[in-house]
Amino acid sequence: MRILFLGDIVGRCGREVVLSRLPTLRATLALDLVIVNAENASHGFGLSPGIATDLLNGGVDVITLGNHSWDRRDLIPHINGAPRIIRPINFPPGTPGNGSVQVELADGRKALVVNAMGRLFMDPLDDPFRCMTDLLTRHRLGVTTQAIVVDIHAEATSEKWAFGNVLDGRVSLVVGTHTHTPTADHRILPAGTAFQTDAGMCGDYDSVIGMTKEPAMARFIRKMPGERLQPAEGDATLCGIMVETDDATGLARRLAPIRQGGLLSQTLPDF
């Protein structure tokens, strides 16, 4: 299975670079599944139902979220009827939506996509390690599903590394989101799980993590609240990672980062 995961979409330019480039990427890379984190897609904060619909109609198969899941209140009544939009699995019981979804491809193969959120320097949610262990008692890689992809939305690199190692051999890909900065540590772990600490963002890198520079810098310099942060709207880079899995085992065969457009060095998987 050929899977593309794209990091946090930030604002209009992030949406546009994804929607404009995704049809060509799906064709040239022969993608089976496309997953994007879109918790910052609506003007930098949250996800509106309308933008979610645009992404799903534009070639995205599953949308993941994070700590900004409920910044757009209109998503709350919408999410229960939109199974391909998932929020962190370790939100408390009774929270709207689901933390995972199993997608069936046109050829009958199945892929489980899971969203989890870290707890270091983040909201004090339920234990994501325990939540994943519970979920994997019901879904077995290579048995009940041909691939399992996990978005770990977390601040601390140590927590992401621990999460990847705990799940090594039990899922196809563990990829981090939230920091908006692509890391250069993509690799296949010893038991066969693909891993990258952070996929980066789909947005304008002439910014402060996707937001216009001056107001963001002023907050650090003056240590006072200022004007509301706004997404930068320059030339965006599409950032993510592609993995190819083995259908028999569900484990990773190969993986490569992808960066297209904008300021960052350009790279495209060659498999």
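Being a predicted model, the structure only gives us computed values, none of them experimental.
Atom OG in S42 sits 8.5 Å away from atom CG in L75 (nearest 0.5 Å). Atoms CZ and CG, from F195 and D168 in turn, are 10.5 Å apart once rounded to the nearest 0.5 Å. Considering CD of E214 and CD1 of I221, their distance stands at 10.0 Å, rounded to 0.5 Å. Residue L238 holds its CG atom at 11.5 Å from SG of C13, rounded to the nearest 0.5 Å. Interatomic distance, CG of N90 versus CG of L135, reported as 11.5 Å (0.5 Å rounding). For the atom pair N98 CG and I79 CD1, the distance stands at 8.0 Å (nearest 0.5 Å).
The backbone N or O of L33 lies less than 3.5 Å from no partner atom in the side chain of R2, so there is not a single donor-acceptor pair. Looking only at distances, no side-chain donor or acceptor of T212 sits under 3.5 Å from a matching main-chain atom of P231. Judged purely by atom type and a 3.5 angstrom limit, T237 has no side-chain atom pairing as donor or acceptor with the backbone of Q260. A donor-acceptor distance shorter than 3.5 angstrom exists from the side chain of Q146 to the backbone of K110, with no hydrogens or angles considered. Between the side chain of R84 and the backbone N or O of V103 there is no donor-acceptor pair closer than 3.5 Å. Counting only distance, with no hydrogens or angles, the side chain of R15 and the backbone of A41 share a donor-acceptor pair below 3.5 Å. Distance alone, capped at 3.5 Å, places no donor-acceptor pair between the R87 side chain and the L65 backbone. With hydrogens and angles disregarded, a donor-acceptor distance shorter than 3.5 Å links the side chain of T28 to the backbone of T24. For the pair T249 (side chain) and L251 (backbone), a donor-acceptor distance under 3.5 Å is present. When atom types are taken as modelled, the side chain of D61 and the backbone of V34 share a donor-acceptor pair closer than 3.5 angstrom.
Listed by first and then second residue, the side chain to side chain donor-acceptor pair (under 3.5 Å) pairs involving residues 194-211 are K160-D198, W161-T197, T179-D198, D185-T197, D206-K213 (not counting sequence neighbours). Evaluation of the ring-ring contact (aromatic ring centres under 6.0 Å, His included) test over residues 7-51, restricted to residues two or more places apart or in two chains, returns F45-H68. Sequence neighbours left out, the pairs with a member in residues 31-59 that pass salt bridge (Lys or Arg N to Asp or Glu O under 4.0 Å) are D32-R109.
Closest non-hydrogen pair, I63 versus A52, comes out as CD1-O, 3.8 Å. Contact record, G7 with C202: O-SG, 3.6 Å, taken as the closest heavy-atom pair. When all heavy atoms are compared, the tightest approach of C239 to A199 is CB-O, 3.5 Å. Taking all atoms of both residues into account, the shortest heavy-atom contact from P93 to D126 is CD-OD2, 3.8 Å. For the pair G210 and V10, the tightest heavy-atom approach, listed with the atom from each and the gap, is O-CG1, 3.8 Å. Contact between I258 and L6 at its shortest, heavy atoms only, is CG2-CD2, 4.5 Å.
Between E159 and R119 there is no salt bridge, since no side-chain nitrogen of the basic residue lies less than 4.0 Å from a carboxylate oxygen of the acidic one.
Side-chain contact between M201 and N37 is absent, with no heavy-atom pair separated by less than 4.5 Å. No side-chain heavy atom of V113 sits under 4.5 Å from any side-chain heavy atom of F5. Residues S172 and T193 have side chains not in contact (no heavy-atom distance under 4.5 Å, counting atoms from C-beta outward). The closest side-chain heavy-atom distance from L55 to I9 is below 4.5 Å. Using a 4.5 Å cut-off on side-chain heavy atoms (C-beta onward), D74 and H78 make no contact. Within the 4.5 Å cutoff, the side chain of I3 has heavy atoms near those of the T245 side chain. Between F163 and V174, the closest side-chain pair of non-hydrogen atoms falls below 4.5 Å. At a threshold of 4.5 Å between non-hydrogen side-chain atoms, the residues T64 and I35 count as touching.
When each of V150, I148, T133 is checked for a side chain to side chain contact (heavy atoms under 4.5 Å, CB included) with R170, only T133 meets the rule. A side-chain hydrogen bond (donor to acceptor under 3.5 Å, both in side chains) with H178 is found for exactly one of D8, N67, D151, namely N67.
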From CA spacing to verdict: side-chain hydrogen bond (donor to acceptor under 3.5 Å, both in side chains), H153, T177: CA-CA 5 Å; H153 196 79; T177 55; 2.7 Å; yes
Criterion side chain to side chain contact (heavy atoms under 4.5 Å, CB included) on V171 and L136, from CA distance to verdict: CA-CA 9 Å; V171 304; L136 293 178; 4.1 Å; yes
Side chain to side chain contact (heavy atoms under 4.5 Å, CB included) assessment of Q230 paired with M211: CA-CA 5 Å; Q230 304 289 333; M211 298 298 178; 5.7 Å; no
Derivation of the side chain to side chain contact (heavy atoms under 4.5 Å, CB included) call for L47 and R72: CA-CA 6 Å; L47 174 68; R72 285 293 303 251; 5.8 Å; no
side-chain hydrogen bond (donor to acceptor under 3.5 Å, both in side chains) assessment of R259 paired with S265: CA-CA 7 Å; R259 295 184 299 275; S265 62; 3.0 Å; yes
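The environment of CZ in R140 is sparse: at most 12 heavy-atom neighbours from other residues, nucleotides or ligands sit within 6.0 Å.
Taking hydrophobic clusters as Ile, Leu, Val, Met, Phe, Trp and Tyr residues chained together by side-chain heavy-atom distances below 4.5 Å, I86 does not share a cluster with I152. Note: the hydrophobic cluster containing W70 also contains I51 (ILVMFWY, side chain heavy atoms under 4.5 Å, direct or indirect links). There is a path of hydrophobic side-chain contacts, each under 4.5 Å, that joins I89 to L141. When hydrophobic clusters are built by joining Ile, Leu, Val, Met, Phe, Trp and Tyr residues whose side-chain heavy atoms come closer than 4.5 Å, directly or via intermediates, L189 is grouped together with M132. Linking ILVMFWY side-chain heavy atoms closer than 4.5 Å, directly or via other members, places L112 and L4 in two distinct hydrophobic clusters.
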